Amino acid sequence: MNKNTFILTAIVGLMCLFLFKGLYNDPKKIQSPLIGKQFPQFKLNDLYLEIPLDNTSFIDKKTIVNVWASWCLECEREHSHLVKLSRNDDFDLVGINYKDQKDDAIGWLGMRGNPYRIIISDQSGDLALDLGVYGVPETYIIDENQTILFKHIGPINNTIIENDMMPLLVKNK
Amino acid sequence: MIIDIGFIGYFLLLLGLMNCLFLLTPKFVTGLNISNSILLSASRLHFPILFISFICLVITFIGEDYSLDYVAKNSNSNLPLIYKISAAWAGHEGSMLLWCVVSSFWMLLASKYSSDLPETLRTNFLTIMGVLNLGFLLFVVATSNPFARNLSVPIDGGDLNPLLQDFGLIIHPPMLYMGYVGLSVVFSFAVACCFEKEFKKEWAQWLRPWVLASWAFLTLGISLGSWWAYYELGWGGWWFWDPVENASFMPWLMATALIHSVIASGEKGMFKSWTILLSIFTFSLSLLGTFLVRSGILISVHSFASDPSRGIFILLMLLMLIGGGLAAYTMNSKKFIDDNEVKIFSKEGFFLLNNILLVTATFTILLGTMYPLILDILGLEKISVGVPYYNAVFIPLMIPLILLVGYVPILLSRISKNKQMFQLLIIFLTSLVLSLLFSINSILYFIGFFSAVWIIMNIFFDLFLYTKNLVRLKSRMGMYFAHFGLAIFILGASISENTKIEKELVLSIGETTSIGSFDYTLNKLEEQKSVNYDAIIASVLVSKNDSFVAEIKPEKRLYHSSESAMTEAGIFAKLDRDLYVSLGNMIDDNKWSLRVYDKPFIRFIWIGTIFMIIGSILSIRLRKKFNE
Amino acid sequence: MKNVILLLFLISPLNAYSSDTDNQYKELIEELRCMVCQNQNLAESEAPLAVDMKQKIREMLEAGKDKNEIKQFLSERYSSYILYEPPINKQNFILWFAPFIFIIVLSFVLLRRYIK
């Protein structure tokens, strides 16, 4: 076997190996570059009280940050899970209301219950952009130092809560 | 239903599978006189069997037989007849069956026109084609059977993706497949030559028309695809460097290289081993393209349903074919000895440069297509490889190639060195002046314009001044057409890309705005109901200096069955300019957002490809006679 | 060798300039990927996220930010996946430079074998 063809065969073999692995790979999954970074700085109002909120509004606990809007159908699907999570005192739950009307948002929560301790009102979508939000709903977990540990795009469900979120939230308590 | 057409179709499919086994007879039953005639008959019988099976599939679509899962998913009773028929190959299963039909058709042709070849070569060649056909058909039967039944029969079908309800789609896939699969003839022949340990001049000459024909079909298929994307997607673009486009472009580039190297092998017995290797890789890239498209491992505008088992099957075939082909090549590559040596400053020397550039270009596209996937699998940061990358890497490779193309007529002309230099200088200077006059706003525009003019001038100089010899002219006609087509294409691409005007705007009814040298008025909007969709049709009046030019009617369609909205661009097309309007969203009651594109000479892109196709047909026809 | 030099020359950012905001905006939205679409750039897309991003890009340009700053801003938030032009860094080294190596090796192999 001559050297050139050996190299060719090696390349072809390697490519097939990659293609094979590629078959079991989800091409749409993109790791957020913000994992491991600080939660972005912000100065926005509280949805209900319209008092200014900023990074100091987070408390000294691990926090789930959920981006939602009243116009978002998928948010409806994950809402009961959020309500359930809000009963756990080990961590905090903060909402970001994304590009919404104040009255709609308050009305929506009034009907379904408010799981959030505070809700940051992000009508312009600037904070969402800083977070690299694709659309609503999205869920983040940050630690006591406001480092982003986790991001999920789309509605959360039991599997995601049990497998991905809980280990991060209750670890080394 | 008394006669179950779907059943007949499936039966024929299985019969085809049996028939494939007969194709392997000479390999199992050796030393028997009839084994070769069994092979020959089986290779010709395969096409009618599969073709009728495919017709059965079409009939089930026309007859709305929703007991077939594939029919139920891709058609419904409201679809116009023509789209019911074309839906037969719009989905995965049907298009793979079409692939098999096309493949059997090529095998029929190969079997028919190969009687001049030596017996063992012919037997090996047809057997390898048989193995390929067996593989494809096995794939259809095992993983993508279009005749599979539904457990419960739905009352009506789903829908054909509205994007695909279009004339372009009806002919784009069959043409592309003709090209892809035509290259399997080239592959099989190359591997058969490896077994012969020889690649004679006559064999290369025999191979040449097959390469040209596949290339012509690929060109047509790609060109149709680009034209379709241009008017159907509503973005006014004609090439997106999308992974699926790349998948068809890679074999095209390789086939272009092959066309040239096979000439050298046929005329002078040069590059034997290289031509064989190129043949093997060209078809491998077709298969790789199919794999990439069908397995759904890449993100692309064409979203095909994906299924890992299908991917694994194609991957295994890919591995076996490339592996088998390369193994056959490796064991024998040293035995191919060229009849002549190559001088760099000759036709063949140029072919070599041409091949180096084209193969590198193919490699670049392959790298760009695969790189994100490789990074992703290695767990590194995911990236996108798009237009800026390809512009930066692909175009620089093409520039020297195009300059070479222009130089070829002078190279071939049998005039004295001094005259050559003189002619070269004149053409160079005129092209330079012309390009400086017309294209001063960017370097790339200048280079594109200059190279197009350079090719055209060279061809015309040669045609009108020096080629008095009719026989020689005939043998070059194909090349001139193809190269002229390339020049026209480059001209179209560089003018339209560099002088286009693109505007997004909001107009209320009756409002006029001026873009470029034209005034656009949103005249009115009408609603229209069609069989399977409702449409809003805008009327945009175009005028220039207050005189009427055209009425453009972009549409927005809402298809009933899938509830999906589609933009149908309105195009006013003239040879030298397209005015392209696509309707955006309604802002309020009488305000609409519009995209207006003014694209000079964009038609030249597709006209150029037509010339290329004519060139390859002439090349097949005229060169053949010339040889006789 | 001529090809290699040409390649070298052209790989360096050719269209680095553009004077006014409008042109910069157009160039930018063609070089950025719509993150929620199949395979479209921002210019082609009407998806809500794409519309927001275009708005943001316009604002940033008007605030005097240049193309590279905006690209960096977005890729820090949405990963380099958003850039259709992959950055030249360690990870993408092969992508950008393998074509050079390939053409040199191929020329070497073929020319040595065939040209006497």
Side-chain angles (χ1 to χ4, degrees), chain B residues 233-235 237 240-244 270-271 273-274 298-303 338 341-344 348-349 352-353 355-357 359-361 363-364 367-368 371-372 374-375 380-389 391-397 399-401 442-444 502 504 584-585 593, chain C residues 2-15 17 26-27 29-33 35 37-41 43-46 51 54 75 79-87 89-92 94-111 113-116:
Chain B
L233 295 181
W235 313 325
F240 300 94
W241 292 108
D242 182 84
V244 172
M270 292 169 176
F271 310 136
S273 128
W274 172 247
L298 295 170
I299 303 180
S300 133
V301 284
H302 307 243
S303 51
D338 286 3
E341 286 185 350
V342 186
K343 286 201 242 33
I344 184 74
E348 288 75 21
L352 204 58
L353 296 178
N355 275 218
I356 290 171
L357 292 167
V359 172
T360 307
F363 171 78
T364 308
L367 188 69
Y371 207 73
I374 294 171
L375 287 186
L380 295 163
E381 190 189 19
K382 203 161 170 168
I383 57 158
S384 299
V385 179
V387 180
Y389 172 80
N391 280 353
V393 183
F394 182 78
I395 294 177
L397 283 170
I399 293 167
L401 185 69
S442 89
I443 309 169
L444 221 52
E502 303 186 331
E504 272 182 65
N585 298 318
S593 79
Chain C
K2 185 178 72 182
N3 318 330
V4 181
I5 293 164
L6 253 169
L7 200 69
L8 256 175
F9 159 69
L10 279 150
I11 241 176
S12 61
L14 233 182
N15 32 19
Y17 291 96
K26 252 184 211 160
E27 282 169 21
I29 60 175
E30 279 182 11
E31 287 173 26
L32 294 171
R33 185 180 201 130
M35 299 297 283
C37 315
Q38 283 281 350
N39 190 7
Q40 289 179 6
N41 60 35
E44 291 155 359
S45 173
E46 309 257 334
V51 174
K54 284 193 263 194
S75 63
S79 86
S80 347
Y81 188 67
I82 199 168
L83 307 172
Y84 266 127
E85 180 173 5
N89 57 22
K90 230 179 0 191
Q91 181 190 292
N92 302 334
I94 296 176
L95 177 70
W96 282 103
F97 293 101
F100 284 103
I101 300 160
F102 186 88
I103 198 169
I104 292 167
V105 172
L106 186 70
S107 309
F108 180 72
V109 170
L110 282 182
L111 294 179
R113 164 141 193 193
Y114 288 113
I115 304 287
K116 298 284 144 90

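Model, not experiment: these values are computed from the prediction. Order of the sequence lines fixes the chain letters, A, B, ..., with proteins taken first and strands second; residue numbering starts at 1 for each chain.
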Discussion item. Taking atom CD1 as the centre, does B:Ile344 end up with more than 12 heavy-atom neighbours from other residues, nucleotides or ligands that are less than 6.0 angstrom away?
Written reply: yes
Fill in: Choice from C:Leu95, C:Leu111, C:Ile115 maximising heavy atom contacts with chain B below 4.5 Å
C:Leu95
Worksheet item: Below 4.5 Å, heavy atoms only, C-beta onward: do B:Val359 and B:Phe363 meet side chain to side chain?
Response: no
Worksheet item: Hey, what do you get for OH (B:Tyr371) to CD1 (B:Ile383), rounding to the nearest 0.5 Å?
Response: 6.5 Å
Fill in: B:Phe394 ring center near B:Trp241 ring center (under 6.0 Å)
yes
Discussion item. How close do B:Leu397 and B:Leu357 get, counting heavy atoms only, and between which atoms?
Written reply: O-CD2, 3.7 Å
Fill in: Pick from B:Ser384, B:Pro388, B:Gly386 with the largest number of heavy-atom pairs that fall under 4.5 Å of chain C
B:Ser384
Worksheet item: Would you say C:Glu30's side chain and C:Glu27's backbone share a donor-acceptor pair under 3.5 angstrom?
Response: no
Fill in: Heavy-atom proximity to chain B below 4.5 Å, by part of C:Ser75
neither
Worksheet entry | For chain B, the option from C:Glu46, C:Lys26, C:Gln91 that forms the most heavy-atom pairs under 4.5 Å | C:Gln91
Practice prompt. Report the relative orientation of the aromatic rings in C:Tyr114 and B:Phe271; use parallel for angles under 30°, tilted for 30 to 60°, perpendicular for over 60°.
Written response: perpendicular
Worksheet entry | Heavy-atom proximity to chain B below 4.5 Å, by part of C:Leu83 | backbone
Worksheet, complete the sentence: In terms of heavy-atom pairs under 4.5 Å with chain C, the winner among B:Val387, B:Asp338, B:Ile374 is B:Asp338
Response to the item:
Checked B:Thr364, B:Asn355, B:Leu367, B:Asn585 vs chain C; the most non-hydrogen pairs under 4.5 Å come from B:Leu367
Worksheet item: What option among C:Ala98, C:Ser80, C:Ala43 has the most heavy-atom pairs under 4.5 Å with chain B?
Response: C:Ser80
Worksheet, complete the sentence: Answer key: most heavy-atom pairs under 4.5 Å with chain C among B:Glu341, B:Met270, B:Glu348 is B:Glu341
Fill in: Residue part contacting chain B, namely of C:Asn92, when any heavy atom lies under 4.5 Å
both
